[in-house]
Structure formats: C-alpha cells, structure tokens
Amino acid sequence: VALGAALTIAEAAQCARALSAMLARGTARADARTLESIDTAGIQLLLAAAAAAQERGLKLQVRGGARLLSGAAEALGVDGDLAAVVELSA
C-alpha cells in the first residue's frame, strides 16, 4: 500500500481502508517513500495497523520515510512503541 505524500487526519480514513484491505490479503507492507507529512492521526493509524498485523501473525513493514516517521513518533513520545511493532526501512 502506498501511503502517499501525506498521512494526516484528512487522509486517515482512506488510508485505514487501504491498510485493512492489505492485511485482509495477508500482506503487511506499506510504502512511505513519498511521505512528506504525517500527524498524530497518521502515527495512530500506523500503530493500529501494526497491532492488526500482529493479530494476524505479521509485522507491519514500512519502506521509506523512516526518518520522518521516527521523528514524528519521537515528538509524540511513541517512538519506542513504533519501533517495537513496525519494521521501518530507508
């Protein structure tokens, strides 16, 4: 699933549907290479998707955007939580 340029409250519902469909297919890979902006809703969505993936025996993998995602999570104080349940790659 491509996350797009922004993962904010405005995109959260649409992205949640795409992530849910992805997990229903038995995959847990998201592409954040074009991600330029993320807010609290976006971080929450990724944490929820990671939890849903774990329930299916998967680990959410997010390609690209590692610096942005970890930076936003750090600012919110959930960087450890994100790192524990999401595999971030450059």
Side-chain angles (χ1 to χ4, degrees):
V1 169
L3 298 180
L7 186 51
T8 65
I9 196 163
E11 296 83 21
Q14 180 180 350
C15 189
R17 288 189 293 275
L19 290 169
S20 181
M22 171 193 72
L23 292 171
R25 292 189 303 272
T27 61
R29 294 188 193 120
D31 187 344
R33 289 179 292 174
T34 62
L35 190 64
E36 296 174 9
S37 134
I38 189 165
D39 67 2
T40 303
I43 293 292
Q44 278 184 306
L45 178 59
L46 291 178
L47 288 169
Q54 282 186 321
E55 290 174 3
R56 291 170 169 79
L58 304 169
K59 184 163 187 174
L60 181 62
Q61 300 171 348
V62 179
R63 181 176 180 200
R67 186 177 312 149
L68 178 64
L69 292 174
S70 60
E74 183 178 8
L76 294 168
V78 295
D79 50 324
D81 299 311
L82 187 68
V85 295
V86 177
E87 183 179 312
L88 298 173
S89 65

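Count residues from 1 along the sequence.
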- Query: Would Thr27 and Gln61 count as a side chain to side chain contact (heavy atoms under 4.5 Å, CB included) if you check the C-alpha gap in whole Å, the side-chain angles of each, and the deciding distance to 0.1 Å?
  - Reply: CA-CA 9 Å; Thr27 61; Gln61 300 171 348; over 6 Å; no

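Taking CG of Leu82 as the start and CG of Leu60 as the end, the distance is 8.5 Å to the nearest 0.5 Å. Annotation: the span from Arg33 atom CZ to Arg63 atom CZ amounts to 3.5 Å, rounded to 0.5 Å. Atom SG of residue Cys15 and atom CG of residue Leu45 lie 5.0 Å apart, to the nearest 0.5 angstrom.
Taking all atoms of both residues into account, the shortest heavy-atom contact from Ala12 to Ala41 is CB-CB, 4.5 Å. Contact record, Ala53 with Ala28: CB-CB, 4.2 Å, taken as the closest heavy-atom pair. Considering every non-hydrogen atom in both Val86 and Val62, the closest pair reads CG1-CG2, 3.5 Å. Across Leu3 and Ala32, no two heavy atoms sit closer than the pair CD1-CB, 3.7 Å. Nearest approach of Ala52 to Leu23, heavy atoms of both residues: CB-CD1, 3.6 Å.
Using modelled atom types, no side-chain atom of Ser20 and backbone atom of Ala16 make a donor-acceptor pair closer than 3.5 Å. Formation of a donor-acceptor pair under 3.5 Å by the Glu11 side chain with backbone atoms of Thr8 is found in this model.
In this structure, the side-chain contact (heavy atoms from CB on, under 4.5 Å) partners of Asp79, at least two apart in sequence or on a different chain, are Ala73, Glu74.
Heavy-atom contacts from other residues, nucleotides or ligands closer than 6.0 Å to CG of Leu76 number more than 12.
Residues Asp81 and Val85 are not in side-chain contact: their nearest non-hydrogen atoms beyond the backbone lie 4.5 Å or more apart. Side chains of Val1 and Arg29 form no contact here, defined as non-hydrogen atoms less than 4.5 Å apart.
For the side chain to side chain contact (heavy atoms under 4.5 Å, CB included) test with Leu7, the passing option among Asp39, Leu68, Leu46, Leu69 is Leu46; the others fail.
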